[in-house]
Amino acid sequence: MDTSRHMTNLQVAKLLRAVAAAIELSSGDNRFRIVAYQRAADAIEHSSSEVKDLWDDGNLKELAGVGEAIAGHLDELFKTGKVKHFEAILKPFPPALFELMEVPGIGPKTALKFSKELGITRAHSAIPELLKAAKKGRIDERFIKAIEEYQGRSRRLLLDVAQTIADSIVGWMRKNPHVREANTLGSLRRQASTVGDIDIAVASDHAKEVIEHFTKYPHKSRVLEAGVHTASLILPNEYQVDLMVQPPAAYGALLQHFTGSKHHNIKLREYALKKGYSLSEYGITPRPSTSLSNPSPIIGEGRKGEVLSFPTEEKFYNFLGLDWIPPELREGENEIELAKLHQLPKLVELSDIRGDLQMHSDFNIEPSHDLGLSSVDELCDKARELGYEYIGITDHNPAVSGHTQAQILDLIKKRTEVIQFQKRAIHVFNSLEIDIQPIGKRALPDAALELLDYACIAIHSSFRLSRKAMTDRVLSALDHPKVKFFAHPTARLLGQREGVELDWDRIFDFCVRNHKWLEIDGWPNRLDLPDVVAKDAIKYGVKLVVDTDSHAAGQLVYMRYGVSVARRAGAAKYDIINTGSLKEVISCLTK
DNA sequence: GCCGTTTTCGGCCCGACTGTTTTCAGTCG
């Protein structure tokens, strides 16, 4: 079988990165060609669509960073399984080289050196061979640590784990009177679904006192390092937390720089450069003009060579003629253009949410999946505490095997009585989460569906069907007036299971035409829809519902993570069904 | 090799860290 036809985005990206490395090791000044290949690789790796699907539809050049030439090469790749031009570029180098580069600290030059000096040529055994060489003392011993780091990689934290730790530490820091401001940084501040590092910035004119306070954080295991402006703690679970302290007058640039993303910062600096400014973590520097046609500065003020400081990010972005960009949108897509045109979306806020339409109670409906741990009453109490107007209880359907249709109807009627047992302080919708069976049949008789206010459907089995079969299956299950949304659509589990393959355009189209919604499931190891897909859904006009999928009352607070996904997708309040009032939601349910 | 509401040519982010590095090369975020 021709494997190229099944190449994933990650595999295509890796191929392009290998080409970039090979160009770098070849003679001649090809710096910008190298960067072009790396950018194309990044674009493909982060694309919400499978690159092969884009190729199928003739849309490869939609990817920013993929132009005429690379699109042509990928065309050849998908048609024939190989690219003659790439093979010629890669041929002089041993395959092991590109594996060695996966180790942090090893780039193309070092990889080539090791490959030659240590005789490592085969790709599959490259890393173990390198580790062996390192342990024998044939290369610098610092690489032992780097290799082990690589082998234990993908040890990214789930967003909620990192956020919980950061909330505690930021809270601790704010207790100190010298701390003017404290913020998370990086992918955590951008609320990415997984987080690499927990980094915290503090604005203060008293770095010494602030660092001292940080090292007294009560829940630490030990202090790793405490310098003049930075410090690091190790927590009992071995997670590391880094702190940076800067004077309030220059805090804006620091916060901006370390929030990233890398791609956002590159684009922002390119944009600034055209206006005659150079950006850094310290501030904004007007540049000497390089030609008569490029007089500088065009906007703002400042003497050449002088670093201008900014106390806040708002002032930093505004100086460049941009609206402040919420961290969740800083992924290097079109946010800078939108900020320039004052057209950034007004992102949905946690406080806009008025209900939660997916959660599980402890009513024993005899399901094939987990029961919840809390009673309907407990769920209502917590929801009321959160200020909600309504919730939907979506227990799993009764197990298909071992129940007659009459028994299923009976269970649902009994459960309906529990839900409607008394007048409650908030409205409770009577709903179920229904399995989609492999062939697209719902795991609940239609007669039972009629007893509900609404239902959602979800995939809990047969995760590996083809894209077409999977899409057919889902659309078939969605096709009933009582079924209102598709819950945790990709069924991914972060760090455990990849999402299923779906034809999103077909799903989006069906949803828009039939008043169906897609869920953003805020359960921290789902966060599903993924942000990039949710972004496409919104562009298509699909309505979303942000839920927690709680299995206990205390988990209703996971809503913040679902909202973060929605914000990263650029969702405004009106894109989200459950920002509506009870009356509005009831109206949507009957469309 | 990519890209354009100043350009289809002529640009292309920025600074920190590390090592054996007395002025720079490689790598990273």
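Throughout, a chain's letter reflects where its sequence line sits, starting with A, and its residues are numbered from 1.
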Give A/F258 one of three labels, base, sugar-phosphate or nothing, depending on what nucleic acid heavy atoms sit under 4.0 Å from its own. nothing
Interatomic distance at P, B/dC12 relative to B/dT27, whole Å: 23 Å
Please classify the nucleic acid contact of A/K113 as base, sugar-phosphate, or nothing, using heavy-atom distances under 4.0 Å. nothing
Between A/K216 and A/E212, does any NZ, NE, NH1 or NH2 come within less than 4.0 Å of an OD or OE carboxylate oxygen? yes
Any base atoms under 4.0 Å from A/S278, or only sugar-phosphate, or nothing? Heavy atoms, all strands. sugar-phosphate
If the test is salt bridge (Lys or Arg N to Asp or Glu O under 4.0 Å), which one of A/R17, A/R39, A/K14 qualifies with A/E45? A/R17
Could you tell me whether A/E68 atom CD has more than 12 heavy atoms of other residues or ligands within 6.0 Å of it? no
Please work out whether B/dT7 sits syn or anti, treating a glycosidic angle within 90° of 0 as syn. syn
Any base atoms under 4.0 Å from A/H85, or only sugar-phosphate, or nothing? Heavy atoms, all strands. sugar-phosphate
NA contact type, A/V103, heavy-atom cut-off 4.0 Å: base, sugar-phosphate, or nothing? sugar-phosphate
Could you check how far OH of A/Y282 sits from C1' of B/dG15, rounded to whole Å? 7 Å
NA contact type, A/A64, heavy-atom cut-off 4.0 Å: base, sugar-phosphate, or nothing? sugar-phosphate
For a quick check of understanding: with a heavy-atom distance under 4.0 Å over all strands, which category does A/I34 fall into, base, sugar-phosphate or nothing? nothing
Which residues, if any, of residues 104-112 of chain A bring a heavy atom under 4.0 Å of DNA chain B? A/P104, A/G105, A/I106, A/G107, A/P108, A/K109, A/T110
A/I44 atom CD1 is separated from B/dC2 atom C1', nearest whole Å, by 13 Å
Heavy atoms under 4.0 Å, any strand shown: does A/I70 hit a base, just sugar-phosphate, or nothing? sugar-phosphate
